[in-house]
Protein chains: 2
Amino acid sequence: MSKTGRRDVDLPGAFAALALSPEDIIHEAAGIPSTQVSRKRDIIVAGEHCETVFINHAGWLFRYKILHNGNRQILDFILPGQVFGLQACLFESSLYSIATITDVSLSMIPLDMIERMAERSPELVKALFRSATCEAAILGEHLIDASRRSARERIGHLLLELFLRLKSAGLVEGMSFEMPLTQELISDAVGLTTVHVNRTLRSLRDAKLIAIDGSNVTILDFEALSRLCGFENGYLGEAARKHPTGMNPPRRATADD
Amino acid sequence: MSKTGRRDVDLPGAFAALALSPEDIIHEAAGIPSTQVSRKRDIIVAGEHCETVFINHAGWLFRYKILHNGNRQILDFILPGQVFGLQACLFESSLYSIATITDVSLSMIPLDMIERMAERSPELVKALFRSATCEAAILGEHLIDASRRSARERIGHLLLELFLRLKSAGLVEGMSFEMPLTQELISDAVGLTTVHVNRTLRSLRDAKLIAIDGSNVTILDFEALSRLCGFENGYLGEAARKHPTGMNPPRRATADD
DNA sequence: CGCGGCATTGAGGCATATCAATGGTCGTGG
DNA sequence: CCACGACCATTGATATGCCTCAATGCCGCG
């Protein structure tokens, strides 16, 4: 149900293929030296054009936008193994900015090189397409997060998402992972106040669902956390199948069925 | 600055290319008869696979997902001229459902036909890519809506977005357009209660920003509405042109400082 | 004529925002 | 080694925007 057909990981479809590091690209771009960028630097600035596609080998980045009132909305986090920057290439000017959180190691691939490669390899095209689609899927999840979930749900969901994505990248140890995010970054990602993020994290800790030690996060009770924030394992299909024809499902079934 | 390079419409980059109806496809698929579907029908159901790409010629649809608690989140609306269903093709199973709001007229194009055409036409590939990217951009805007904007802002933003998208499809008359949405659909799209949507619409009407007569919506004061909901005029190209190097204001210059 | 879908309005409660202050940690310079 | 400032986490008190529950009205349709 949640297979992507390519990397058969046991993850919700949305995440499985995103971190897909198109080996084709990486291999092909082997000649390109990787670039080091230090933390808190802008890589792509909204409004500027860009002719480069990036591959992130190590470190965290995030995609964001500054709103008219000065608020910052973080659209998603970019983890190791991810490709980014295609959107900026396709538009005259990038819609969003991308900045580093930690020190990162990147490959910068000129757009025309991608194009040349794409002509020879339909596989590559599909891989890129899939990656773009996955990005959209994650955005969709975040949209649901922001508009329909409570603070606990949003943060729990974010933690689970990061855990699973890092897991698929082989970057977790047991149930723990490194999360180099300040509470301010989290708040800008989930659309809450730093104050409230703090309180919510505390309440999750008090509930023994997670543990936090510095930047190290441990999921203490995966099951309970998933339940709490509606991270349905295999969330595709279940609800939909119950209402095969109906777009008018018993929505607002106030009580959870 | 907000041009897409293809259809030089005076619209925010995000919308400009979305309604791009790849003439290539339409022309090529001329042999395919268009199908009529009546209102309130599911076209694609989340969790099922799909081997067809659709072009919407007339009518409104929407992409949605039912959450575990029975809530329905609407991700976006699909207007005339739009292509949809590619995501469902790329995943083993579709992440979202798509249903009609009004009666619609669709072209259904088998995936393998798309693939064959794509091999011959890099242009088509680019067009599809651009369309997918635009979809993601709209999702991004909706994400910002939901997480950072007030009720008035969200609804104002939705109305402006629909207005501009319909305008680019030639479906507005002056400042008015037909909006076949119930308040419940609106509430599921912007993440509010129907009750609150109702109150907010009233307050927008009282403020003489919009007028509503049945399903006919009129933007009375485009400027004021844009300002109200942070629909940066810059977005429309104006301010963007004023800040040729960047649409992002001078705040928060580097990631976070 | 009655019923179902949709819009509208009121009253009260809760989750999150806002404002304000404190404490801990780390790097840096004296 | 200590003093200091920058940055981040934490906590309390209060305000408010949106939700929830509940009721009424309107209109089209069988």
Side-chain angles (χ1 to χ4, degrees), chain A residues 38-40 67 69-73 101-102 145-156 158 179-206 210-217 228-229 246-256, chain B residues 38-40 67 69-73 101-102 145-156 158 179-206 210-217 228-229 252 254-257:
Chain A
S38 48
R39 59 194 224 113
K40 299 201 179 181
L67 308 186
N69 56 13
N71 275 349
R72 176 177 67 179
Q73 174 67 40
I101 295 173
T102 65
D145 271 353
S147 80
R148 284 293 180 200
R149 297 203 239 250
S150 68
R152 291 186 121 208
E153 289 173 323
R154 295 189 209 185
I155 291 189
L158 175 64
M179 182 176 73
L181 302 179
T182 65
Q183 294 185 353
E184 186 174 11
L185 282 166
I186 297 176
S187 76
D188 284 344
V190 298
L192 296 169
T193 312
T194 58
V195 174
H196 207 64
V197 166
N198 187 291
R199 288 192 229 272
T200 307
L201 283 174
R202 155 161 295 282
S203 102
L204 289 176
R205 268 183 293 157
D206 289 349
I210 62 171
I212 299 183
D213 174 31
S215 65
N216 191 286
V217 175
L228 171 78
C229 63
M247 64 175 281
N248 301 336
R251 64 189 87 111
R252 302 288 159 97
T254 331
D256 339 354
Chain B
S38 48
R39 57 191 227 115
K40 299 200 179 184
L67 308 187
N69 57 12
N71 275 349
R72 176 177 67 178
Q73 174 67 41
I101 295 173
T102 64
D145 273 354
S147 80
R148 284 294 182 198
R149 295 203 241 249
S150 69
R152 292 185 119 207
E153 290 173 323
R154 295 189 209 186
I155 291 189
L158 174 65
M179 183 177 73
L181 303 179
T182 64
Q183 294 186 352
E184 186 172 13
L185 282 167
I186 297 176
S187 77
D188 283 344
V190 298
L192 295 169
T193 312
T194 57
V195 175
H196 208 65
V197 166
N198 187 293
R199 287 192 230 272
T200 307
L201 282 174
R202 152 161 297 281
S203 101
L204 289 176
R205 268 184 292 158
D206 289 350
I210 61 171
I212 299 183
D213 175 30
S215 65
N216 191 285
V217 175
L228 171 78
C229 62
R252 300 238 194 185
T254 307
D256 203 333
D257 312 76

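These numbers come from the heavy atoms of this one structure, side chains and all, not from hydrogens, waters or symmetry mates.
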Practice item. Evaluate the side-chain proximity of B:E153 to B:T200: yes if any heavy-atom separation is below 4.5 Å, no if none is. Key: no
Check your understanding: Below 4.5 Å, heavy atoms only, C-beta onward: do B:L158 and B:D145 meet side chain to side chain?
Key -> no
Practice item. Choose from C:dT8, D:dA9, C:dT16 the nucleotide whose nearest atom is closest to any side-chain atom of A:S150. Key: C:dT16
Check your understanding: Axis-to-axis angle across the helix from C:dC1-D:dG30 to C:dG30-D:dC1, five pairs an end, to 10 degrees?
Key -> 30°
**Study point:** Protein-to-nucleotide contact annotation, 5' to 3' order, nucleotides 17-28 of chain C [B base; S sugar-phosphate only; - none; under 4.0 Å, heavy atom]
**Key:** SBB---------
Review point. What do you reckon, is CG of A:D213 surrounded by more than 12 foreign heavy atoms closer than 6.0 Å?
Key: no
**Study point:** Nearest-0.5 Å distance that lies between atom CG in B:D188 and atom CD in B:Q73
**Key:** 7.5 Å
Study note, to complete from the structure: Output for pair (A:R149 CZ, A:L228 CG), nearest 0.5 Å, gives 10.5 Å
Interatomic distance where [atom1] belongs to [X] and [atom2] belongs to [N] [whole Å]:
X      : N      : atom1 : atom2 : result
A:D188 : D:dC8  : CG    : C1'   : 14 Å
B:N69  : D:dC19 : CG    : P     : 14 Å
A:L181 : D:dC8  : CG    : C1'   : 13 Å
A:D213 : D:dA9  : CG    : P     : 14 Å
B:L201 : C:dA7  : CG    : P     : 9 Å
A:N198 : C:dT16 : CG    : P     : 15 Å
B:I155 : D:dC18 : CD1   : C1'   : 12 Å
A:I101 : D:dC8  : CD1   : P     : 12 Å

**Study point:** Salt bridge present between A:R199 and A:D206 (N-O < 4.0 angstrom)
**Key:** no
Exercise for review: With heavy atoms under 4.0 Å as the rule, sort A:T194 into base, sugar-phosphate or nothing.
Suggested key: nothing
Revision key, fill the gap. side-chain hydrogen bond (donor to acceptor under 3.5 Å, both in side chains) filter on A:S203, not counting sequence neighbours, yields A:R152
Practice item. Answer yes or no: does a side-chain N or O of A:R205 lie under 4.0 Å from OP1 or OP2 of D:dA9? Key: no
Review point. Which heavy atom of A:T194 sits nearest a heavy atom of A:S187, and at what distance?
Key: CG2-OG, 3.5 Å
Check your understanding: Can you check side-chain contact (heavy atoms from CB on, under 4.5 Å) on B:I101 and B:M179, steps first, answer last?
Key -> CA-CA 10 Å; B:I101 295 173; B:M179 183 177 73; over 6 Å; no
